[in-house]
J.: 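Got a structure here, written out as structure tokens. Questions coming.
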Amino acid sequence: MRRERHSGCRSRLRSRSAVTVSKGRDDAARADAQATGGKPDEEAVVIESFLAELAAFRDAASGVLGGVAEGSGLEQARIEFLGARSGRLKAIQKLLSGLAAGDRPAGGRHFNEAKAAVTALFAAAQERLAAGGATGVDGAADVIDVTLPGEPVRLGHVHPITQTIRRVQEIMARLGFESVDGPEVEDQWHNFEALAIPAEHPARDPLDNFYLAVARGADPLLLRSQTSTVQIRVMENRRPPLRIVSLGRVYRPDTADATHYPMFHQVEGLLIEPGTTMAHLKSVLRQLASSFLGGDVHVRFRPSFFPFTEPSVEFDMEWGGRWIEMGGAGMVDPAVLAAVGYDPDEVSGFAFGLGVERIAARRYGVADIRDFYRNDVRFLRQF
Amino acid sequence: MIISTNWLSDYVSLSASTEALVERLLLSGLNHESTWKVGADTAIEIEVTSNRPDCLGHIGVAREAAVLFERPLHIPDPRPQEAAAPAAADIAVEILEPELCPFYSARVIKGVRVGPSPQWLVDRLATVGVTSVNNVVDVTNYVMLECGQPLHAFDRAKIRGGRITVRRAFPGESFTAINHKTYTLTDVMGVIADAEGPVALAGVMGDAGTEIGADTTDILLESAQFAPLAVRAAARGLVLASGSSYRFERVPDPAAVDWASRRAAAMIVEIAGGQVSRGVVEAGQLKASPATIQLRHGRVAEVLGIEIPAARQQAILLGLGFAAETADGAGSRWRAPTWRRDCWREIDLVEEIARIEGYDRVPENEPIAARPVAESARERTVRRTADVLVAAGFCEAMTRSVVGERLEVTASPWGDTPPLVCAPPLVRGADRLRRTLLPSLLEARGANMAVGGQRPDLFETARGYLARSADAGGQASGNRPTAASPVEEPLLVSFVMGGGFAVGKGMAEAVLERLGIATHAAHGLRVVFQPVVLDLFAAGRAAEIVLERPGQPAERVGVIGEVAVAALAAAGLKNPVVAAELRLDRLEFAVDMEPSRCRPSDFPSIERDVNLIVDQKVPWGNIVTAIHEGAGVLLEECRLVQVWTDAERLGAGKKSFVVSLRLRSHSGTLSGEEAKRTVEAVVAACGRQCGAVLRA
């Protein structure tokens, strides 16, 4: 087995300087070389590794020389770093010749820079000790300007709509509600009929829905107009007790303006358990409101009308001394329970829904919900 | 619906302030929009849900107020004086389409003097935002706003042939409404026709030819029932909504058909003079079927969680117009009022009792039992994916699920079937359900670049929509649509970033690793990158990501590539972009796999570098496979250090892979001899499988 000469050198050096040269650093430098898009077959990794050695050498020397407190320590440091026979600088110098011919000029330049820098550090340390200076910040030559900017780490951002959904999900999970999702392309049964919306109901008007050109048999499909469809699907497949939160994109042909968008997100909760009352609904919503908004928040019900709940209410939360509309809720209509094969005299339950864009807009002070869909990173990076 | 408080006081005498009234109405189901003064009167605008057409008239709102404030309600019972001459002598009515119009009634009033309305009538209409026309038209509007039943008055002299026919419009039939605009009708709409053509669009608007004018003396007063769907089709189809169509779409009180006719006839005679002919000319069958409902009084507490005494329950229902048929201690039997078509079950009565009693009585501190719940595999998959990308500096985007032709691709990474199309378009020009997110993200990146956005590296997690080809059966994964659904919805995560293939591949690999799918994971999972051709990607610079799983056919779980110049240009992008898309629905199984890691070895490792020379066309992937095979269990890690070509030193058509091997044993310290043998085995395997030779 024969190893390439410069590879072998690198390995030897690594084993000798194992205390100060971090392998992770070496790997990182290599990864950087690849990640910045450089073509590995043009830009030698060996030079990268050489530079990493130099950087490690500078770091180590700077640490030791900056902290040295007496003459003997200084001499020891000189031998370690700058010693003419077996100092680390000398070892690195030997590597120079192992670089590819094309890399040698650059390698030499970096080497000389490092040598000058460490020599200057040595001189400064000498001066400091001669002036009777002790270890410390005062008077030291290599004091850092701690107000200089740090090396930036670029972090990404989760979309504010996702953040809002996650927050509601987390709160509801603590109340025992499991998150579920389902298809966005739906059939008439799940989007309407099982939700007690009969054929003649205005909600089924072609102008108020995105119907697809394809159908399943005679059943036209459409983009779901509510996530309640998922609740039906879960109820069809499972028996009570049931606590779920369905969430996702829904679609309604609204003209886009500051408060409407034809695609938006809903979070809907459903609880089906024997003995459930509106008091449970109000209490769960109050816990959701208190956790979401912070503090002890009260909830108000106003009667409303939804085909799939009876009684139906809109719920408001008290926020900043005002009642804010949050969403719709109610007790699951017995017709819906019957449609999925439950006995309305045996079990009861409640459901509620929130428009995510609306509460996100309010929470973050976004005046125009279309901003959520412009995908401008100057906007997204604020969240 | 706008309410005049003066008008309301005709039916109920309230001592409460307007604010108190508004608040009680708000908390019992009539949302408050705004309140304003009109002269000495006050207008209150309320929002009426579609199940409450009774509150599209002042009497309905007055009834609510009377129950809420426990005050008596007074409703007039108009009995117009009739002349001896029968109405039937002047008009005949025939319904050809009972589906569009179940019932039609006509009254005749002769000898009226059309002129301005009295000031009180003008004022009341003004408060609710209706402009006075003349004393006859104003009365029909007034009565509609009073009881919710729309009326229409024709000039009898202009009804040609003396006969009203309710029929379907002929396709293409022309109609000039009283707004003097001409509309072309379709056969989903109903019309009131005389001998020569339509004189009214049923339930929506009268025509210009028969409208009441200064020379009108004889009136035909229509009060009818029209089918909500036909009225809506006409109003929406022609963009011709009216107070009448709004109410017919919500089905007014059947009993108000007759009441409104009597009320209007009496008012017209009182205000405009004339005489009401004897009787009403009717056709069809009045559609009314008030329900009889059994109420278990105990049910109220079971639903609401609060006790309301049976006597109070009964008082509320009586006040709302429900008629008690029988009652005992445990329950009672009720006949719903004709104007409450929405009440036909016990639960509907419970809601009535609840909203009048007030939901503020429902407590907000009723605990629910604790129940454990865990995040699903899909949730964890989506979250971990986002975590990796966000940590790497990506911003999450949300783009539209439905796109225009420009954002479509000729071939989706996920299938060749054409995109599904929806109507109407989501936004102008966008009617195709996307099959990949990538073009949308490229567009978003382009938009960011156009405004000088700094490094807009974006990702999105969303569904794609694929029409299943006819022969593809129920092969769905993840959240399974019903077996027969013709649409498959893969859950996709896509990302776009500046740079070349290697950068993007590293990112994709990081995501896969975090999802538990490492290239050589313990569960026998293997991810292979294979060259692929897709129009979105530059030729020769793209790969499909294929997952191999024990016992399963290998399947494509992702694609990645440098974006083709044409696609960059379409998005307004100038610099290189690498883009990838992964199918999370095919990867989510892995987050449920237990990691099975082995204990780190306590023994030191040995590193050896080898420099292998191979033909240019040999991919690194083949070398890796050979190295693993050759090295066996002692190989801890194998890293590519460098790839280089040099025709002089290596020979033409050759390249060199410099590979760093880390060898380690779990059972003891490796000897130099063992390391040597292992490296030799590696070189031999690479030679055998890839034609590699060791560089001297």
Side-chain angles (χ1 to χ4, degrees), chain A residues 1 3-4 7 11 34-35 37 40-41 45 154-159 161-162 173 176 178-179 181-185 200 202 207 210-214 216 223 243 249 253 262-263 277-280 282-284 286 299 301-305 310-311 313 331 334 372-373 375-378 380-381, chain B residues 26-29 49 51 229 236 303-305 347 351 354-355 359 362-366 368 371 373 379 386 389-390 393-398 400-401 420-424 426 444 448 453 456 463 465 467 479 481 484 486-487 489 499-500 502-503 506 607 609 611 641-645 676 679:
Chain A
M1 160 70 205
R3 278 179 280 152
E4 272 232 308
S7 302
S11 294
Q34 290 181 352
D41 52 350
V45 177
R154 199 174 57 118
L155 284 176
H157 296 262
V158 174
H159 197 284
I161 294 295
T162 306
E178 132 197 25
S179 295
D181 194 5
E184 291 179 17
V185 173
E200 67 276 9
L207 292 173
F210 294 111
Y211 281 98
L212 301 192
V214 295
R216 180 186 328 182
L223 284 168
R243 290 183 198 174
R249 296 184 179 198
M263 175 182 94
T277 70
M278 287 197 91
H280 295 112
K282 206 174 190 182
S283 305
V284 164
R286 180 175 172 224
V299 167
F301 282 171
R302 285 174 292 113
S304 189
F305 172 58
E310 189 85 3
V313 295
M331 302 303 288
F372 289 129
Y373 296 105
N375 298 307
D376 188 327
V377 294
R378 296 170 302 173
L380 297 174
R381 286 190 180 131
Chain B
L26 169 82
L27 292 176
S28 61
T49 49
N51 59 328
L229 279 180
R236 288 198 73 162
V303 175
L304 303 181
I347 192 70
E351 176 168 47
R355 67 179 188 85
Y359 286 111
V362 175
E364 55 177 17
N365 54 3
E366 188 79 20
I368 57 171
R371 203 176 282 285
V373 63
E379 276 180 279
L389 290 163
V390 165
F394 285 77
C395 285
E396 186 187 11
M398 282 193 183
R400 288 192 289 266
S401 313
L420 298 156
V421 173
C422 73
L426 189 76
N448 272 285
R463 286 157 179 270
Y465 312 89
N479 256 326
V487 180
E489 298 183 24
V503 192
E607 302 218 3
D609 291 359
N611 188 341
V641 177
Q642 189 184 5
V643 186
W644 58 289
T645 54
K676 182 164 175 277
V679 171

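Letters A, B, ... mirror the listed sequences (proteins, then strands); counts begin at 1.
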J.: With only heavy atoms counted, which part of B:Leu304 is less than 4.5 Å from chain A, the side chain, the backbone, both or neither?
T.: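 The answer is both parts of B:Leu304.
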
J.: Side chain from CB out, backbone as N, CA, C, O: work out which of these in B:Asn448 comes under 4.5 Å of a heavy atom of chain A, or both, or neither.
T.: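 For B:Asn448, the side chain is the part near chain A, not the backbone.
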
J.: Does A:His280 offer a backbone N or O that forms a donor-acceptor pair with the side chain of B:Glu366 under 3.5 Å?
T.: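 Answer holds: no.
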
J.: So do B:Thr49 and A:Ser304 actually touch side chain to side chain, heavy atoms under 4.5 Å?
T.: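 Of all side-chain heavy-atom pairs linking B:Thr49 with A:Ser304, at least one is under 4.5 Å.
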
J.: Of the listed residues (B:Arg355, B:Met398, B:Arg236, B:Arg371), which shares the most heavy-atom pairs with chain A below a 4.5 Å separation?
T.: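 Most pairs with chain A among the choices: B:Met398.
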
J.: Checking heavy atoms, do the side chain of B:Phe394, its backbone, both or neither come under 4.5 Å from chain A?
T.: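 For B:Phe394, the contact with chain A is made by the backbone alone.
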
J.: Could you give the distance from CZ (A:Arg243) to CD1 (B:Ile368), rounded to the nearest 0.5 Å?
T.: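 That separation rounds to 4.0 Å.
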
J.: Which of the residues B:Gly29, B:Pro424, B:Gly393 is involved in the greatest number of heavy-atom pairs with chain A at under 4.5 angstrom?
T.: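 That would be B:Gly393.
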
J.: Does the side chain of A:Leu380 come within less than 4.5 Å of B:Glu396's, by heavy atoms?
T.: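 SC-SC contact between B:Glu396 and A:Leu380 ruled out.
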
J.: Tell me the closest heavy-atom pair linking B:Pro363 and A:Ser283, and the distance in Å.
T.: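 That would be O-OG, 4.0 Å.
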
J.: Considering only heavy atoms from C-beta outward, does the side chain of A:Tyr211 approach that of B:Cys422 to under 4.5 Å?
T.: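 Contact flag for A:Tyr211/B:Cys422 side chains = no.
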
J.: Roughly how far apart are B:Glu351 CD and A:Met331 CE, rounded to 0.5 Å?
T.: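 Going from the CD atom of B:Glu351 to the CE atom of A:Met331 covers 11.5 Å.
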
J.: Top residue by heavy-atom pair count (under 4.5 Å) with chain B, among A:Leu212, A:Ile161, A:Val284?
T.: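 Top count of heavy-atom pairs under 4.5 Å with chain B: A:Leu212.
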
J.: Heavy-atom distances under 4.5 Å only: say whether B:Leu229 touches chain A with side chain, backbone, both or neither.
T.: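 B:Leu229 touches chain A through side-chain heavy atoms alone.
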
J.: Mind ranking B:Gly305, B:Gly506, B:Ala423, B:Pro456 by heavy-atom pairs under 4.5 Å with chain A and telling me who comes out on top?
T.: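 Counting heavy-atom pairs under 4.5 Å, the top option is B:Ala423.
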
J.: Please report the shortest heavy-atom distance between B:Val373 and A:Ala173, naming the atom on each side.
T.: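 What the structure gives for the nearest pair is CG1-O, 3.1 Å.
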
J.: Looking at A:Arg381, A:Glu178, A:Arg378, A:Glu310, which one has more heavy-atom pairs under 4.5 Å with chain B than the rest?
T.: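 Highest number of pairs under 4.5 Å: A:Glu310.
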
J.: Measuring heavy-atom distances to chain A, does B:Val390 have an atom under 4.5 Å in its side chain, in its backbone, in both, or in neither?
T.: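 For B:Val390, the contact with chain A is made by backbone and side chain together.
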
J.: Please give me the minimum heavy-atom distance between A:Arg286 and B:Asn365, naming the atom from each residue.
T.: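 Closest approach of A:Arg286 to B:Asn365, heavy atoms only: NH1-CB, 4.2 Å.
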
J.: If you define the side chain from C-beta out and look only at heavy atoms, does anything of B:Ile347 sit under 4.5 Å from A:Pro311?
T.: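 Answer yes - side chains close enough.
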
J.: To the nearest 0.5 Å, what is the distance between CG on A:Asp181 and CZ on B:Arg463?
T.: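 It is 4.5 Å, given to the nearest 0.5 Å.
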
J.: Identify the heavy atoms of A:Val185 and B:Tyr465 that sit nearest to each other, and give their distance.
T.: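 Smallest interatomic distance, heavy atoms only, reads CG2-CD2, 3.9 Å.
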
J.: Could you check whether any side-chain heavy atom of B:Val487 comes within less than 4.5 Å of a side-chain heavy atom of A:Glu184, counting everything from C-beta outward?
T.: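 The answer is no, as the side chains (C-beta and beyond) never meet within the 4.5 Å cut-off.
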
